[in-house]
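All remarks here apply to the structure that follows.
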Amino acid sequence: MTRNTSDSSRDWIRFTLLTIATYLALQTIIILAHEYAHSIAAWLLGYIPSPLTVIWGNPVTIRGWDEGVPYDRLFPSGGNPSEAVIGGIPLLMHTIFVIVGLHFLARPKPTERRPLFYALYWFVVINLTELIAYLVMRPFTGSGDTGRFNEGFGISPWFLFVAGTVFILISLWVLMGRVMPRLDVVVGGSRTKHWIVVWMTAFIMFLWGSGLRIMSLYPDRQWRWGVVGILAFFGWVLIDHRRTSSQLA
């Protein structure tokens, strides 16, 4: 439960900077894991001679990254399950990371390993962000991870959209209902730090890593899916406000 503790400006500024540093470090690691999941899968399946084909981008803006797999040359006609495996393997990776991360966040007493709990929280948030960006906002694109998955298996993009949306909604429910109250204990019951976490979580999950990213990357009709992120941003903040208000009532 959050409470009005007397945080000094130095305390919450230090906390904010620590949170940003944690996010950037984990985001870089997850981006690398994402891209190398593509290239390693392509290498193991014999389509490229080396998995070291990843083109590095900007870890802050999440722009410019590429796995370096020549899909169009390797799979000119589509309908090859290998294309689906190579394109979709990071989505499976993110899903597993979210499931395992939420499992451990719900198990240990958060006061025992506060730094680990806090880092794991952001690890889950970043992986959820990737799933939101791909499964909710980009399942109908003809390229990218979801496009390669759909083309390789020859399936409707509605499969990823419906299944992915259900999984993400369940994950967000667990994150809000079970993990956030435990996170309040980790931040010492501070209401200021609580809102720093809430606003940064909403910003990263629904705007920076998905909504605004989609709206800026796709100038055609696809960019409109990014508007979902704006609505979700305010929805997350309002839902948490109601949750904490009911606790304090």
Side-chain angles (χ1 to χ4, degrees), residues 1-7 9 11-24 26-27 30 94 97-99 101-111 113-133 135-137 164-214 225-249:
M1 180 181 295
T2 59
R3 61 179 185 274
N4 292 317
T5 59
S6 56
D7 291 324
S9 57
D11 286 338
W12 63 260
I13 290 174
R14 185 188 303 115
F15 179 78
T16 302
L17 292 176
L18 174 64
T19 299
I20 294 174
T22 301
Y23 162 73
L24 291 176
L26 290 174
Q27 177 67 77
I30 293 170
H94 293 308
F97 283 165
V98 169
I99 293 173
L102 289 176
H103 172 72
F104 281 103
L105 285 173
R107 284 189 62 189
K109 294 181 179 179
T111 53
R113 299 182 180 87
R114 293 189 181 189
L116 180 60
F117 186 96
Y118 196 58
L120 185 57
Y121 170 83
W122 286 109
F123 180 80
V124 169
V125 166
I126 295 168
N127 280 281
L128 262 175
T129 300
E130 289 296 300
L131 292 177
I132 292 169
L135 300 182
V136 176
M137 300 183 185
T165 300
V166 170
F167 174 78
I168 289 168
L169 288 175
I170 293 173
S171 299
L172 292 176
W173 177 77
V174 174
L175 192 69
M176 175 67 77
R178 298 191 61 185
V179 177
M180 289 299 290
R182 300 166 70 85
L183 190 64
D184 291 339
V185 177
V186 172
V187 300
S190 165
R191 194 159 182 79
T192 301
K193 292 177 181 176
H194 169 85
W195 281 111
I196 290 173
V197 173
V198 170
W199 281 84
M200 287 190 66
T201 298
F203 177 73
I204 290 168
M205 279 202 305
F206 303 120
L207 295 181
W208 185 251
S210 55
L212 297 178
R213 179 177 163 194
I214 301 304
W225 286 94
V227 177
V228 174
I230 298 177
L231 300 176
F233 171 83
F234 289 106
W236 182 265
V237 173
L238 290 174
I239 291 172
D240 186 82
H241 176 71
R242 292 189 62 182
R243 179 183 71 83
T244 53
S245 297
S246 64
Q247 290 179 347
L248 293 173

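The figures here come from the full heavy-atom set of this structure, side chains too, leaving out hydrogens, waters and symmetry mates.
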Check the pair Leu183, Val197 against side chain to side chain contact (heavy atoms under 4.5 Å, CB included), reporting the backbone distance first and the verdict last.
CA-CA 9 Å; Leu183 190 64; Val197 173; 3.4 Å; yes
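- For the residue pair Val237 and Ala202, the shortest heavy atom distance occurs at CG2-CB, 4.1 Å.
- Residues Phe206 and Val228 form no side-chain contact, since every pair of their non-hydrogen atoms from C-beta on lies 4.5 Å or further apart.
- The heavy-atom pair separating Lys193 from Asp11 by the smallest distance is CE-O, 4.3 Å.
- The distance from atom CE of Met176 to atom OG of Ser171, rounded to the nearest 0.5 Å, is 13.5 Å.
- With contacts defined as side-chain heavy-atom distances shorter than 4.5 Å, the pair Arg182/Leu105 does not qualify.
- You'll find the side chain of Val98 reaches within 4.5 Å of the side chain of Phe167, heavy atoms only.
- Thr244 has its side chain within reach of Arg191: a pair of non-hydrogen atoms, C-beta onward, lies under 4.5 Å apart.
- Nearest heavy-atom pair across Val179 and Leu102 is CG2-CD2, 4.1 Å.
- Here the shortest heavy-atom pairing between Met137 and Gly226 reads SD-CA, 4.1 Å.
- Between the CG atom of Leu131 and the OG1 atom of Thr165 there is a distance of 10.5 Å, given to the nearest 0.5 Å.
- Counting heavy atoms from C-beta on, the side chains of Met180 and His194 come closer than 4.5 Å.
- In this structure, Arg178 contributes its side chain and Val174 its backbone to no donor-acceptor pair below 3.5 Å.
- Using a 4.5 Å heavy-atom threshold, the side chains of Leu175 and Leu128 count as touching.
- In terms of heavy-atom proximity, Ile204 sits nearest to Thr129 at O-CG2, 3.4 Å.
- Annotation for Ala119 and Leu26: closest pair O-CD1, 3.3 Å, computed over non-hydrogen atoms.
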Pair Ile20-Met200, side chain to side chain contact (heavy atoms under 4.5 Å, CB included): steps then yes or no:
CA-CA 9 Å; Ile20 294 174; Met200 287 190 66; 3.7 Å; yes
CA sep, side-chain torsions, deciding dist, call: Tyr23, Val125, side chain to side chain contact (heavy atoms under 4.5 Å, CB included):
CA-CA 9 Å; Tyr23 162 73; Val125 166; over 6 Å; no
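- When ring centroids are compared, Phe233 and Trp199 come within the 6.0 Å threshold.
- Here CD1 of Ile214 is found 11.0 Å from CD1 of Ile132. Values are rounded to the nearest 0.5 Å.
- Taking the ring centroids of Phe97 and Phe123, they lie under the 6.0 Å cut-off.
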Start with the C-alpha gap between Met205 and Trp236, add the side-chain angles, then the distance that decides, and say whether side chain to side chain contact (heavy atoms under 4.5 Å, CB included) holds.
CA-CA 10 Å; Met205 279 202 305; Trp236 182 265; 4.2 Å; yes
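- Taking OG1 of Thr22 as the start and CG of Leu18 as the end, the distance is 4.5 Å to the nearest 0.5 Å.
- Once rounded to the nearest 0.5 Å, the distance linking NE2 of His94 with CG of Leu135 reads 9.5 Å.
- Contact annotation: the side chain of Arg243 approaches that of Pro181 to within less than 4.5 Å [non-hydrogen atoms, C-beta and beyond].
- For the atom pair Ile126 CD1 and Tyr121 OH, the distance stands at 11.0 Å (nearest 0.5 Å).
- Checked by atom type and distance alone, the side chain of Ser190 never pairs as donor or acceptor with a backbone atom of Val187 at under 3.5 Å.
- Within the 4.5 Å cutoff, the side chain of Phe15 has heavy atoms near those of the Tyr118 side chain.
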